[in-house]
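Reading through the structure tokens given below for one structure.
Counting starts at 1 for both ligands and their atoms, following the listed order. Values below: every heavy atom of this structure, side chains too, minus hydrogens, waters and symmetry copies. The model shown is predicted, which means the values in this text are computed figures rather than measured ones. All residue numbers in this chain count up from 1 along the given sequence.
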Amino acid sequence: MKSSDLFARAKTLMPGGVSSPVRAIRPYPFYVERAAGSHLSTVDGTDLVDCCLGYGPLILGHAHPAVREAIERQLEKGWLYGTPTPLELDLAGMIIADHPAVDMVRFVSSGSEATMAAIRLARGYTGKQDIIKVEGGFHGAHDAVLVKAGSGATTLGVPDSAGVLADLTAHTRQVPYNDPEALETLLSGNDDVAAFILEPVMGNIGPVIPDDSYLADVREITAAYDVLLILDEVITGYRVGIGGAEVLYGVKPDLATFGKIIGGGLPIGAFGGRRDIMELVAPAGPVYQAGTFSGNPASLAAGYATLRYLHDHPEVYRRLDDATRAIGEAAADVRKGSFVRMGSLFKHFFRDEPPQNYREVKECDTEAFSRFWKAMFEAGIFLPPSQFETNFLSAAHTEQDIEQIADAYELCLFA
Ligand SMILES: *Cc1c(COP(=O)(O)O)cnc(C)c1O
């Protein structure tokens, strides 16, 4: 069956025909038959260079042999025990060793779950009610953070979600990104703030890059007001380098959240941080958190193999940085829009200057983006289908892939 037929049937079975909103490409999404390395093959017989990579987790590309072998080895031994496994110690130990701010971790099954638990933990630790997030920052699809979120909610033009209690979101305040003064002003008038949660590099509307001193300022201000700093490293963790944004920018959060890459392409999340805070998590402490699939062996095996590979091949990060630079150079001569990149994250914004925050991202010409996206698709490149989603590269992208992407950028931007 072709994608169009599959989608017609899917719409009768699932809301909008999809399992997550951003996938609802118009007029119909393509269905994937298989994926290997940097390429996707669709049921329609199309071959695509993948710059979406499952929205970030697949830093080694699809079906990487080291990760596949680790999963296969685990599957032979079963894939769910409901008891602790030795693998947990390997992955926890590695994440802790790579992140100076992380003394202990708890594994969960998604990034959303990780931020939800970290926010609860911050409230439990401080005894305070409010949280602050960055406007357009995305931390998953749960109530406390579903306030003018970036990502899917932005694309569909739904700043809030129906069904989220106003009473709950009243405890979520927002500040613009790259604006430490706004944070300080908010905190100086509110002594009931438990935590400030932010993506260190905004990945779900971007990348939007932090100003030179922004993260250091944020750390200083939150410490001065006795507010916990939660770095949401679900995208940046092991993406901007080993140790994530924490190490890259030298900022020490109280809590951090992880997901995506640390599961090597299987579902995972984790939150961690200072020992005195983490020891409040059940059963060590009174902040309840639990999950049937938490720390499941298949995700741990895939994640550990991925992180192990990155440790053994740190040159991957430099290669990826060179690759997005090459794509940026192809886009450089174009008059319209601005190309932003950071390591393996990149995006062309249809706005003259690179955006500094959500409001500026919203100024982008989304119709121009749609035309560009379609042209890129026809040139055999799959980009995330939204102006508000970051593009990714993987270690599996070859020189030839990069050239193809760069050529397509040049062609489609000039069109
Ligand atoms: C993807 C993402 C999440 C949510 O993770 P899921 O695994 O999709 O629940 C949270 N925070 C950030 C920064 C993300 O990019």
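- Atom numbering of ligand 1 starts at 1 in the shown order; those under 4.0 Å from a heavy atom of Ser110 are 7 (O), 9 (O).
- When non-hydrogen atoms are compared, ligand 1 lies under 4.0 Å from neither the backbone nor the side chain of Thr257.
- Between Asn204 and ligand 1, an N or O atom pair is found at a separation short of 3.5 Å.
- The Glu199 neighbourhood of ligand 1 comprises atoms 13 (C), with distances under 4.0 Å to a heavy atom of that residue.
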Query - Full working for side chain to side chain donor-acceptor pair (under 3.5 Å) between Asp401 and Ser38 - result: CA-CA 8 Å; Asp401 291 328; Ser38 55; 2.6 Å; yes
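- Between Thr115 and ligand 1, not a single N/O pair is under 3.5 Å apart.
- For atom 6 (P) of ligand 1, the nearest protein heavy atom (residue, atom name, distance) is Gly111 N, 3.4 Å.
- In this structure, the separation between CZ on Arg239 and CZ on Phe392 is 5.5 Å, given to the nearest 0.5 Å.
- Taking every non-hydrogen atom of Phe138 and a distance limit under 4.0 Å, the qualifying atoms of ligand 1 come out as 11 (N), 12 (C), 13 (C).
- Residues Phe196 and Ile221 are not in side-chain contact: their nearest non-hydrogen atoms beyond the backbone lie 4.5 Å or more apart.
- Of the listed options Ser109, Gly56, Gly263, Ser112, Ser112 places a heavy atom closest to atom 4 (C) of ligand 1.
- Every atom of ligand 1 with a heavy atom of Gly140 under 4.0 Å away is listed here by number and element: 4 (C), 10 (C).
- In this structure, Phe372 and His348 have tilted ring planes: the angle between them lies in the 30° to 60° band.
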Query raised in the report: After noting the C-alpha distance and the side-chain angles of Arg325 and Asp322, does the key distance pass the salt bridge (charged side-chain N to carboxylate O under 4.0 Å, His left out) rule?
Result: CA-CA 5 Å; Arg325 183 177 306 111; Asp322 289 345; 3.0 Å; yes
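- For atom 10 (C) of ligand 1, the nearest protein heavy atom (residue, atom name, distance) is His139 C, 3.4 Å.
- Between Glu135 and Arg359 the shortest side-chain heavy-atom distance does not fall below 4.5 Å.
- A cation-pi arrangement is absent between Lys260 and Tyr238 under the rule of less than 6.0 angstrom and at most 45 degrees off the ring axis.
- Under the 4.5 Å side-chain criterion, counting only non-hydrogen atoms from C-beta, Val361 is not in contact with Tyr177.
- Summarising the contacts of atom 1 (C) of ligand 1 with Arg239, Lys260, Met116, Glu113, the nearest heavy atom is found in Lys260.
- Taking a cut-off of under 4.0 Å to the non-hydrogen atoms of Ile235, the atoms of ligand 1 that pass are 15 (O).
- The nearest protein atom to atom 3 (C) of ligand 1, hydrogens excluded, is given as Val234 CG1, 3.8 Å; this is a heavy-atom distance.
- Counting non-hydrogen atoms of neighbouring residues, nucleotides and ligands closer than 6.0 angstrom, the CG atom of Asp191 reaches no more than 12 such neighbours.
- With hydrogens left out, the protein atom closest to atom 11 (N) of ligand 1 is Asp232 OD2, 2.7 Å, a heavy atom.
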